[in-house]
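Basis for what follows: all heavy atoms, side chains included, without hydrogens, waters or symmetry-related copies. This chain uses plain numbering: 1 for the first residue, then up along the sequence. All figures in this text were calculated on a predicted structure; none of them were measured in a lab.
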Amino acid sequence: LAVIYSAYRKELLAGRLYDYEDMIMEALRAFSGNHDLLLRLQEQHQYLLVDEHQDTNNAQNKILELLCDFHASPNLFIVGDEKQAIYRFQGASLANFLYFKKIYPRAKLINLAKNYRSHKTILDASQSLIEKNISANILPKKDLISGTKIKKEKLKIAAFTSFNLEYEYVAADIAKKIKSGAD
């Protein structure tokens, strides 16, 4: 496998190509190895917005840090929900939020009080899971408030042996709701 991967990397390099999965690492390598490129990008992109920060990994955060490194107090706006930092297998982590608070201690933190996506039943169920999480004691305790007019429904829990079965279940459930008159 190492021989095949090495040959694959050489072919990519020869064709001046890269694998989609390696895009972030290639950008990080370019920023770290080419100071002029980094300076040009820092000058060109003076205002940065990061959405869904809870899904970022260490490499993405390092790129952000490099882009912001020119200014002591960069124009950086990060949007995310630390309680949704669940994609650990992709490198996402609550530590990402804590890290940025550490390197930018004067950053203003704005917590939104209302969730406009979910009704109270879902928020209460989520809160009960969050409280059982090991990292929950790091986060400030805040009640999740529903700001939606979505009709409150009972939670339905289902387990599937494959993602295909989950997709079939969701599609059938949507079809059933549409048939019964749901928007």
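R9 and D22 are joined by a salt bridge, as a carboxylate oxygen and a charged side-chain nitrogen come within less than 4.0 angstrom of each other.
To the nearest 0.5 angstrom, L49 atom CG is 12.0 Å from N75 atom CG. Note that CG of D69 and CG of L38 are 7.5 Å apart. Values are rounded to the nearest 0.5 Å. Taking OG of S128 as the start and CG of D124 as the end, the distance is 8.0 Å to the nearest 0.5 Å. Once rounded to the nearest 0.5 Å, the distance linking NZ of K108 with CZ of R106 reads 14.0 Å. From E168, atom CD reaches atom OG of S162 across 7.5 Å, with rounding to the nearest 0.5 Å. Note that the NE2 atom of H53 and the CD1 atom of I78 stand 4.5 Å from one another [nearest 0.5 Å].
Using a 4.5 Å heavy-atom threshold, the side chains of Q42 and L66 count as separate. Inter-residue side-chain proximity for L67 and L48 is flagged as met; some heavy-atom pair is nearer than 4.5 Å. With a 4.5 Å cut-off on side-chain heavy atoms, Y99 and E65 count as touching.
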Evaluation steps, side-chain contact (heavy atoms from CB on, under 4.5 Å), between D173 and K156: CA-CA 11 Å; D173 190 51; K156 229 187 287 186; 3.3 Å; yes
Please determine whether side-chain contact (heavy atoms from CB on, under 4.5 Å) holds for the pair F77 and V50, giving the CA-CA distance in whole Å, both sets of side-chain angles, and the decisive distance to 0.1 Å. CA-CA 6 Å; F77 188 86; V50 179; over 6 Å; no
In sequence, state the C-alpha distance, the side-chain angles, and the governing distance for D183 and I178, and then conclude on side-chain contact (heavy atoms from CB on, under 4.5 Å). CA-CA 7 Å; D183 289 340; I178 290 172; over 6 Å; no
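A donor-acceptor pair under 3.5 Å links the side-chain atoms of S32 to the main chain of L28, judged by distance alone. Listed for the S146 side chain is a donor-acceptor partner under 3.5 Å among the backbone atoms of S118. In terms of modelled atom types and a separation under 3.5 Å, the side chain of K10 and the main chain of Y5 share no donor-acceptor contact. Using modelled atom types, no side-chain atom of E43 and backbone atom of R40 make a donor-acceptor pair closer than 3.5 Å.
Heavy-atom minimum distance, I24 versus A59: CG2-CB, 3.6 Å. When every heavy atom of L37 is checked against every heavy atom of N34, the shortest pair comes out as N-OD1, 3.0 Å.
With no hydrogens or angles considered, a side-chain donor-acceptor pair links D19 and Y8 at under 3.5 Å. Q54 and E52 form a side-chain donor-acceptor contact under 3.5 Å, judged by distance and modelled atom types alone.
Following chains of ILVMFWY side-chain contacts shorter than 4.5 Å, one cannot reach L39 starting from I63, and the two form parts of different hydrophobic clusters. Taking hydrophobic clusters as Ile, Leu, Val, Met, Phe, Trp and Tyr residues chained together by side-chain heavy-atom distances below 4.5 Å, F70 does not share a cluster with I103. The hydrophobic clustering, which links ILVMFWY residues whose side-chain heavy atoms are closer than 4.5 Å, places F31 and Y47 apart.
Other residues, nucleotides and ligands contribute more than 12 heavy atoms inside 6.0 Å of the OH atom of Y104. Around CG of L17, the count of heavy atoms belonging to other residues, nucleotides or ligands within 6.0 Å exceeds 12.
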